Every structure is written in structure tokens, then in C-alpha cells.
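The first residue in the sequence is number 1, and the count goes up from there. These numbers were taken from a predicted model, which means no experiment stands behind them.
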Amino acid sequence: MHYYPVFLELSGQSCLVVGAGAVGCRKIASLLECPIERLHIIDLAEPDTNLQVLLEDKRVSFTKRPFTPSDVEGCALVFAATSNRQTNDAVARACTERGILCNCADAPKDSSFIVPALVEQGNIAIALSTGGASPALARKIREDLEAWLGERYTGISELLMRLRPLVLALHHETRQNTTLFRSIVDSPLSEALQRRDRQTCESLLRELLPIELHPYIMELLHDLA
């Protein structure tokens with residue numbers, strides 16, 4: 001199976017996790033890192049210590065009862081994370097019938113999506129997957145990427161995030177903007193930011209940026225060099 005890679009915007013959305021064991025709690029914790037509006041949890045067991053901590057988030061609600069198909073209605077994303085295959089199958093079927101994205105922790109083939117291993121550094125997120133074949137290998141690759149990435153692109157990523165709205169506000173042609181951003185990325189600016197070499201950073205930006213943006217250079221470099 002070939003998966004289409006995508007990052008989901010979950011702002012203001014409702015999500016559901018069925019099963020609150022170790023796997024379920026990992027899913028819950030990752031969802032709470034997103035600006036979701038509501039997260040409902042269903043499990044037959046009483047909340048353990050790990051879950052109790054997560055329940056302190058005001059967006060979370062917990063119900064101790066069996067899953068019913070109507071539980072998925074209104075959800076943007078659902079995780080089936082129980083230790084019972086029949087329950088997970090029921091969650092997946094309910095989501096399929098309603099066109100809702102669902103991940104089954106114990107059955108990638110029954111899932112409409114899989115959760116990739118994730119490497120994060122500042123504004124950069126790298127998602128990787130082995131197609132569900134080997135989570136252990138995905139974890140190993142993630143650890144190698146984390147070691148390689150370090151803080152290599154933290155400064156340039158932050159600067160580009162600050163710069164982008166300024167460039168777009170000039171209303172230049174898309175091709176011109178593309179050329180500008182590529183020239184910045186291909187320049188020694190990233191290395192200069194890593195060294196916190198402010199003089200070189202200022203010089204490069206004056207060389208690369210349109211003259212209209214030169215007054216913003218000090219603001220762009222604030223706390224970065």
C-alpha cells in the first residue's frame with residue numbers, strides 16, 4: 001500500500017481515542033500538542049495515573065463504557081487503540097461508513113492512515129514511514145535524523161518564517177519570490193546564523209533582499225544572530 005503523505009490542520013476540530021492504555025495515552029498526548037477543540041476518550045477501565053495527567057487538559061473528556069458507532073460522528077480524526085481486535089474493527093468500520101479518518105493501532109491495513117515517526121526541530125517537522133512494515137526501523141531512522149539535524153536549520157527556518165509575509169506583501173510575481181527564497185536557502189546565511197555571525201548575516205541579507213525590505217533586517221535577525 002502506498003500512503004499519501006500529509007500534515008493535517010486540526011485547529012478547532014474534535015477527535016476521538018478509543019482505548020486509553022499505553023498506546024492510547026501516546027495518541028492522546030500527541031493530539032493534545034495540536035490546537036484541537038475537543039478530545040473524547042472512551043475506555044472500559046478506570047483512568048490510570050498516566051491518563052489522569054492527560055485528563056487535566058480542559059479539552060479532554062473521558063467516558064467509561066463500551067464503544068458505539070455513533071461515537072465517531074462529528075470527529076475529524078479517530079484512533080482505535082484498545083487491546084480488543086473486535087472493538088478496533090468496529091471503530092474502523094464506523095469511520096469508514098462516515099468517511100472519517102481512522103487509525104487502528106494493531107491493524108495498519110484496516111486504517112485509513114498510519115502515524116509516521118516524527119523528527120521536530122523548531123519550525124521543521126520531518127515525517128517518515130516504513131509503510132507500517134517496521135516501526136522499529138522507523139524509530140532507528142528517526143533517531144539518526146535527530147542526531148544529524150540538531151539545530152542545523154533552526155535559525156534559517158525562523159528567519160524565513162518572519163520574512164515570508166514581508167515578501168508576499170510586496171505583491172511581486174510568484175516566480176520572483178521563488179527565486180528570492182531559493183537564493184536565500186542556497187546562500188551561506190544558514191551557516192552564518194549557526195555561528196551567530198551578525199555582521200555576515202546583515203551583509204548577506206542586504207545583498208539578497210529587495211531594497212524595500214532592508215529596513216526590516218534588524219527585526220529579522222532579532223535573537224537569531
Please check if atom [atom1] in [X] has more than 12 non-hydrogen atoms from other residues, nucleotides or ligands closer than 6.0 Å.
X	atom1	answer
R65	CZ	yes
E146	CD	yes
F181	CZ	yes

Joint cluster assignment, [X] & [Y], ILVMFWY side-chain distance < 4.5 Å:
X	Y	result
L31	I100	no
L8	L118	no
M161	L170	no
V78	V115	no
L205	Y153	yes

Enter the distance from [X]:[atom1] to [Y]:[atom2] here, rounded to the nearest 0.5 Å.
X	Y	atom1	atom2	result
I114	C104	CD1	SG	12.5 Å
L193	E151	CG	CD	12.5 Å
R26	N50	CZ	CG	10.5 Å
T154	I124	OG1	CD1	6.0 Å
R59	L32	CZ	CG	5.0 Å
I184	T179	CD1	OG1	11.0 Å

Main-chain N/O of [Y] paired to [X] side chain as donor or acceptor, under 3.5 Å:
X	Y	result
N88	T82	yes
S14	C75	no
H214	L209	yes
S183	L180	yes
E9	S11	yes
S111	A107	yes

For the residue pair [X] and [Y], establish whether any side-chain heavy-atom pair is separated by less than 4.5 Å.
X	Y	result
I28	L51	yes
V60	L54	no
T96	D110	no
H172	V167	no
Q52	E56	no
L163	L213	yes
R198	M218	yes

Output yes when [X] and [Y] qualify as a salt bridge under the 4.0 Å nitrogen-oxygen rule, no when they do not.
X	Y	answer
E73	R98	yes
R206	E202	no
E191	R195	no
R93	D89	no

Looking at every non-hydrogen atom in both residues, tell me the closest pair between [X] and [Y] and how far apart they are.
X	Y	result
Y3	P108	OH-O, 3.6 Å
D106	R85	OD2-CD, 3.3 Å
P66	D71	O-OD2, 4.4 Å
P116	L128	CB-O, 3.2 Å
L10	A76	CD2-CB, 4.3 Å
R152	Q194	O-NE2, 3.2 Å

Fill in: From L221, L224, L159, residue fulfilling side-chain contact (heavy atoms from CB on, under 4.5 Å) relative to C201
L221
Worksheet item: If you look only at pairs with a residue in residues 51-107, which of them pass as a ring-ring contact (aromatic ring centres under 6.0 Å, His included), with sequence neighbours excluded?
Response: F79-F113
Worksheet item: With distance as the sole criterion, is a donor-acceptor pair present between the side chains of T63 and H40 under 3.5 Å?
Response: yes
